[in-house]
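First up is the structure itself, then whatever we jot down about it.
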Amino acid sequence: MPQGQESGGLYFELVAAAAAHPQASGDVTGENFPHSLGPWSLEPTIGIRPEHLEFDEGGDTWRAKIPKLTKELQQHEAAILKDGLEGSSIKRVSLSLTPEEVAELGVPAEVTHYSWGVLSSKSFRDSFSHDELHDIVAMNQPDLCFLILGGYLYFDKEGRCVMINAVVPSGSGMLTFGPPKEWPAAWTAPLRASGRLTAPMRQQMLKAGAREMCWISPGEVFGGTAVCPHGGFLYLFPDGVQKVDESQEELQRPLELKHQVVELFTQLDQNRNGRIDRRELRRVLQTCGGKAEWSDDKVDKLFNAMDKNSDGNIQYAEFVDWLFLPSKAGNAGNIENNMKRVSVAEGKHVFDPAIQAATLSKLLPAGKSRLCILGGRGFQHPLSKQLVQEVAALCAEKLRDSVVVLTGGLPGVQETFAEALGPEVESRHLLPCGQVSGFGVGQDLLAGDCMEQRMAIYGHIGDVYLTVEGGPGVAKEATLAYAR
């Protein structure tokens with residue numbers, strides 16, 4: 001493309017059915033890009049709180065000052081501190097939600113406007129390769145996803161930021177977009193002038209030729225045309241959409257193979273402790289392949305072949321070493337054969353919430369009843385927060401020796417209850433892989449790969465469920481518990 005000439009591209013409009021909330025894009029694997037985009041979901045940030053963001057007078061830029069980094073952020077402290085965390089808040093627009101949608105999505109009742117928030121200081125993203133960024137995003141940790149992919153900032157009528165939602169990959173997320181539409185190159189100049197263009201962070205997008213992207217706010221006008229009535233995302237292709245030929249596929253194969261290996265290890269490592277024990281390997285293989293195919297003896301032989309140091313666990317390095325064992329057919333052929341031997345068959349699922357709940361129960365205090373707290377991520381009635389605090393205080397006074405309190409690690413009702421409960425009563429917070437509660441009391445426990453699995457486990461583990469406010473999501477969890 002000649003110097004100075006702008007790029008055209010494709011944009012994806014948020015469809016009306018998903019526009020109850022300003023939601024973002026990109027499917028988990030990106031395999032269908034640029035033919036389609038989504039689904040993704042939104043998760044509230046944990047270690048990056050609304051009060052940590054300091055905005056300039058115009059409210060267009062912000063700087064994050066985090067007093068204490070969470071464990072996940074500490075791992076990237078050098079990149080965070082290199083030149084600080086500065087970002088943009090792009091065009092605040094009014095938030096139009098029904099009460100049901102507000103409750104379901106946990107948006108505080110005082111929110112009147114929202115904007116797309118994205119990190120503008122490049123040192124954090126530039127300190128990682130695209131391959132490393134892909135692996136970090138795959139962890140589904142909201143704080144890191146916000147720093148890498150972006151998210152939404154929510155403001156009250158006084159202009160205060162009261163909530164941050166990060167864009168998080170989710171194969172079953174409710175964020176859906178329409179088919180791609182052509183973006184004329186003539187529309188790009190104002191976006192570049194305002195500094196809104198950033199590099200896409202998904203490998204498939206780069207492979208397809210996308211080099212820049214940005215959020216389009218609802219109803220923005222370009223070239224006299226109003227686009228994206230509910231918001232959307234633009235991807236620019238300076239050299240046009242690329243068709244991956246065989247030579248490109250061959251170059252991409254090592255990267256894709258690495259991601260397949262990471263995914264396969266994660267499927268086998270069901271409790272996400274970074275190791276595969278004998279029971280995990282047996283459970284997955286016998287559930288997917290059947291006991292006739294995978295007898296206990298056969299599983300034991302396979303486990304012993306992988307467990308080179310004989311410590312009773314398969315570390316990731318041992319798993320990779322076993323996959324890449326040389327064979328007469330050649331190394332590449334053996335990698336594929338070994339992956340097929342232990343792969344989860346398509347269409348079969350090893351997740352069983354009852355089994356997961358029974359396994360998780362062994363980590364809970366014995367002999368105590370389990371009180372599960374349900375509720376919205378914000379308070380709709382002014383007295384609801386006081387009610388939750390008083391019930392928690394009463395629980396701490398009367399039941400401290402007879403119950404363990406369980407939450408889903410979410411802000412709002414659950415966080416308020418846990419904090420009011422204090423350290424006198426044992427509490428555990430069940431969260432999907434890669435997330436932390438940040439409550440400061442109790443202990444976090446891993447419960448499933450995603451929010452849907454966590455909800456299913458939560459419905460199988462409690463003895464008593466206490467609900468305060470909430471919408472369809474809370475109703476779904478309560479229904480799961482009631483059905484049991």
Side-chain angles (χ1 to χ4, degrees), residues 1-15 23-40 90 116 118-120 122 124-138 145 148-150 167 169 171 175-216 220 222-223 225 227-228 231-260 263:
M1 184 178 68
Q3 186 175 3
Q5 181 177 328
E6 282 294 0
S7 305
L10 299 173
Y11 68 99
F12 298 81
E13 294 183 345
L14 180 66
V15 298
Q23 311 210 30
S25 63
D27 62 49
V28 176
T29 63
E31 291 178 356
N32 296 324
F33 185 85
H35 307 294
S36 65
L37 200 59
W40 276 29
I90 300 171
W116 172 250
V118 62
L119 194 67
S120 56
K122 296 183 178 180
F124 181 81
R125 289 193 297 259
D126 289 349
S127 62
F128 307 100
S129 67
H130 279 290
D131 189 16
E132 291 171 328
L133 287 171
H134 181 284
D135 290 343
I136 292 172
V137 169
C145 285
I148 294 171
L149 300 175
V167 174
L175 321 185
T176 58
F177 288 76
K181 295 185 177 182
E182 184 177 355
W183 179 273
W187 293 0
T188 304
L191 295 174
R192 189 175 306 282
S194 60
R196 290 170 56 177
L197 299 174
T198 59
M201 294 300 158
R202 309 301 289 172
Q203 287 292 338
Q204 184 66 20
M205 294 172 181
L206 292 167
K207 188 168 68 171
R211 293 296 178 265
E212 295 175 298
M213 63 167 289
C214 81
W215 163 253
I216 302 299
E220 282 196 84
F222 296 90
T225 301
V227 300
C228 300
F233 278 86
L234 162 68
Y235 295 86
L236 298 178
F237 298 79
D239 300 314
V241 178
Q242 301 298 302
K243 180 180 179 181
V244 180
D245 58 28
E246 293 181 1
S247 62
Q248 289 175 309
E249 288 179 346
E250 190 63 29
L251 290 172
Q252 195 68 18
R253 190 171 183 275
L255 177 62
E256 293 174 346
L257 181 59
K258 176 187 175 182
H259 295 156
Q260 291 169 11
E263 181 180 0

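Worth knowing before you read on, the calculation uses all heavy atoms, side chains too, and leaves out hydrogens, waters and symmetry mates.
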[X] [atom1] to [Y] [atom2] distance, which is reported to the nearest 0.5 Å:
| X | Y | atom1 | atom2 | value |
| --- | --- | --- | --- | --- |
| Met205 | Met213 | CE | CE | 6.5 Å |
| Ser7 | Leu234 | OG | CG | 10.0 Å |
| Tyr235 | Glu212 | OH | CD | 13.0 Å |

For [X] and [Y], work out which heavy atoms get closest and say how close.
| X | Y | result |
| --- | --- | --- |
| Pro34 | Pro180 | O-CG, 3.5 Å |
| Pro238 | Leu236 | CD-O, 3.6 Å |
| Cys228 | Glu13 | N-OE2, 3.2 Å |

Across all chains, not counting sequence neighbours, the side chain to side chain contact (heavy atoms under 4.5 Å, CB included) partners of Glu220 are Lys91, Arg196, Ile216, Ser217, Phe222
So Leu197 and Cys214, do their side chains get closer than 4.5 Å, heavy atoms only? yes
Quick one, Val227 and Tyr11 - any side-chain contact, counting heavy atoms below 4.5 Å? yes
With sequence neighbours excluded, residues passing side-chain hydrogen bond (donor to acceptor under 3.5 Å, both in side chains) with Trp187: none
Using the ring pair (Phe, Tyr, Trp, His ring centres under 6.0 Å) definition, which of the options Phe33, Phe12, Trp183, Trp116 pairs with Phe233? Trp116
